[in-house]
Amino acid sequence: MSEPKSDFLRDILARGFMHQCTDLDALDAAAAKGVVTAYIGYDCTGPSLHVGHMVSIMMLRRMQQTGHKPIVLMGGGTTKVGDPSGKDEARQLLSDEQIAANMASIRASFENYLTFGDGPNDAVMVNNDDWLSTLAYIPFLRDFGRHFSVNRMLSMDSVKLRLEREQPLSFLEFNYMILQAYDFVELHRRYGCILQMGGSDQWGNIVNGVDLGRRVADAQLFGLTTPLITTASGAKMGKTASGAVWLNPDMRSPWDYWQFWRNTEDADVGRFLRLFTDLPLDEVARLERLEGAEINEAKKILANEVTALCHGRAAAQEAAETARKTFEEGTTGDALPVTQIAAPRLAEGILLYEAMREAGLAASNGEARRLIKGGGARVNDTAISDEAHKVTSADLGGDGTVKLSAGKKRHALLRAV
RNA sequence: GGAGGGAUGCCUGAGUGGUUAAAAGGGACGGGCUGUAAACCCGUUGCGCAAGCUACGGUGGUUCGAAUCCACCUCCCUCCA
């Protein structure tokens, strides 16, 4: 297409959110003309979203900022069925209670990225369980099932791959795409939603919804997918030693979250700034041009901005300040995780490896011992290689804490109580 | 329904009665070099202070000794009907 007419498309194209779209020109025209209502669906399979969901969350944010209306669809109903896309085996089925608990826990994250309310471009959050659970089987099959060709369903990637590998695919999962397609039509009916977005693995499911909308509602619906984000070294983004990078602060501290972004590879900085922050594009371009050690400034800005969105400006500043003290001055900051230790115990002396385990720097005593033996352990920034070393009250600094480190980046504090 | 094959540590994947806490690679972690980057080089990678304990799908058995042999069970794959 030529230069997009709508702010929305111009913005997301420039920022690298676009992978595929069912009809870019028509969508552009619609977005230029008025408010577009669009939705993205989220599974409730876990208690928190993680960095892998960030592209789509930011997509909703960009929509809202360019004057459109985002819908967050919680998959309370579809999670009961399980999306077979990209999976070798059926997921374990979650109980209703688990799904409800996950949904409640996820909900809070969105409030940091979107403005919810009743206004014309305020975001809304809905749960597809509201309409899916009450569907009557026979009427549903007659009204909607007849529009799905099994021949075509079998050719969809999500199904085809399973069958080609001779992996089992239950009839339950086979229905997932029908339900997702129905969601789209239902959201169109309820909210005038005309666009579904999602990750590139959702393309098939999204297109089904677009087709169904044309058939049963005579509506022109649109689908748009985001690219799968990998790091410049080719790794799937968001995987670290401690597992996924969660957005909920109780599952990953703001400090850790800030560190995750601070450790971005050079080659990814520009791309991530465009995708995951609100910074204007000319500012991103300037930061991206920095070379050598200077690019660290860009990484700090990236970490600040992304953490501020997720955990608030104050938490981001605290993390940044702690990082500055920890890495640039070698002192400590307030955002480091603190473990309480009984004062009498500390007075007697605690074996360093036990202290490290208790502070969460090692999973087992053995791991901590190996770390010490390997020269990766430090007490108050002094390397310790003696396995039998004890931490005592004498190690307490002026602020009443001892700083333990595993490697150069992982730090924790012990506080005597 | 019949005949074969398979299930190994975070993952892939060797192995086959004792020297196997289990080759190799990946990943991860630590060290070095740097810029809290990448690449590269080196080390570590079940639990336990230790004696030792647990581990090769599950349950029993054979044996001085089993991941390795036998029986049954579960799940998966291939071919035939």
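Reminder, nothing fancy here: chain letters follow the sequence lines and each chain counts from 1.
When the C1' atom is used for both rC33(B) and rC53(B), the distance is 41 Å, rounded to whole Å.
Residues Q202(A) and N205(A) have side chains that bring a donor and an acceptor to within less than 3.5 angstrom of each other. Side chains of D43(A) and T78(A): a donor-acceptor N/O pair is absent below 3.5 angstrom, by distance only.
Within residues 375-391 of chain A, the residues that have a heavy atom under 4.0 Å from RNA chain B are, in order of number, G375(A), G376(A). Non-hydrogen atoms lying under 4.0 Å from RNA chain B are contributed by nothing in residues 331-339 of chain A. Near-neighbour residues of RNA chain B inside residues 295-311 of chain A, defined by a heavy atom below 4.0 Å, number-ordered: I295(A), N296(A), K299(A).
Summarising the geometry, the separation between CD1 on I372(A) and C1' on rC29(B) is reported as 14 Å, rounded to the nearest angstrom. In this entry the distance linking NZ of K408(A) with P of rG31(B) reads 5 Å, nearest Å. Distance E328(A) CD to rG35(B) P: 13 Å, rounded to the nearest Å. Separating the CG atom of L371(A) from the P atom of rC29(B) is a distance of 12 Å, rounded to the nearest angstrom. Between the CD atom of E291(A) and the C1' atom of rG35(B) there is a distance of 13 Å, rounded to whole Å.
Sorted by first and then second residue, the salt bridge (Lys or Arg N to Asp or Glu O under 4.0 Å) pairs with a member in residues 131-149 of chain A form an empty list; sequence neighbours excluded. Among residue pairs with one or both ends in residues 266-276 of chain A, those qualifying as side-chain hydrogen bond (donor to acceptor under 3.5 Å, both in side chains) are D266(A)-K299(A), D268(A)-R271(A), R274(A)-E288(A); sequence neighbours excluded. Annotation: salt bridge (Lys or Arg N to Asp or Glu O under 4.0 Å) contacts involving residues 346-372 of chain A, sequence neighbours excluded, comprise R345(A)-E358(A), R369(A)-E387(A). Counting only residues at least two apart or in different chains, salt bridge (Lys or Arg N to Asp or Glu O under 4.0 Å) contacts with residues 388-397 of chain A are absent. Applying the salt bridge (Lys or Arg N to Asp or Glu O under 4.0 Å) test to every pair with at least one member in residues 204-213 of chain A, sequence neighbours left out, gives these pairs: R152(A)-D211(A), D211(A)-R214(A).
Residues passing the side-chain hydrogen bond (donor to acceptor under 3.5 Å, both in side chains) test with R324(A) are E321(A), E329(A), sequence neighbours excluded. Not a single ring pair (Phe, Tyr, Trp, His ring centres under 6.0 Å) links F148(A) to another residue, sequence neighbours left out.
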Sequence-aligned protein contact record of nucleotides 39-52 of chain B, with B where the base is within under 4.0 Å of a protein heavy atom and S where only the sugar-phosphate is: -----SS-SSS---
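Here T326(A) lies out of heavy-atom contact (under 4.0 Å) with every strand. Note on A406(A): only backbone sugar-phosphate atoms sit closer than 4.0 angstrom, heavy atoms only; bases stay farther off. W258(A) comes within 4.0 angstrom of a nucleotide base, judged by non-hydrogen atoms across all strands.
Using a 4.0 Å cut-off, no side-chain N or O of K325(A) falls inside it from OP1 or OP2 of rU36(B).
Stem analysis of RNA chain B (Watson-Crick or G-U pairs, both distances under 3.5 Å, runs of at least three) returns B:1-7 with B:74-80, B:10-12 with B:24-26, B:27-32 with B:40-45, B:57-61 with B:69-73.
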ring-ring contact (aromatic ring centres under 6.0 Å, His included) evaluation trace for F116(A) with F110(A): CA-CA 9 Å; F116(A) 288 88; F110(A) 281 100; 7.1 Å; no
ring-ring contact (aromatic ring centres under 6.0 Å, His included) between W261(A) and F276(A), intermediate numbers included: CA-CA 10 Å; W261(A) 292 98; F276(A) 302 119; 5.1 Å; yes
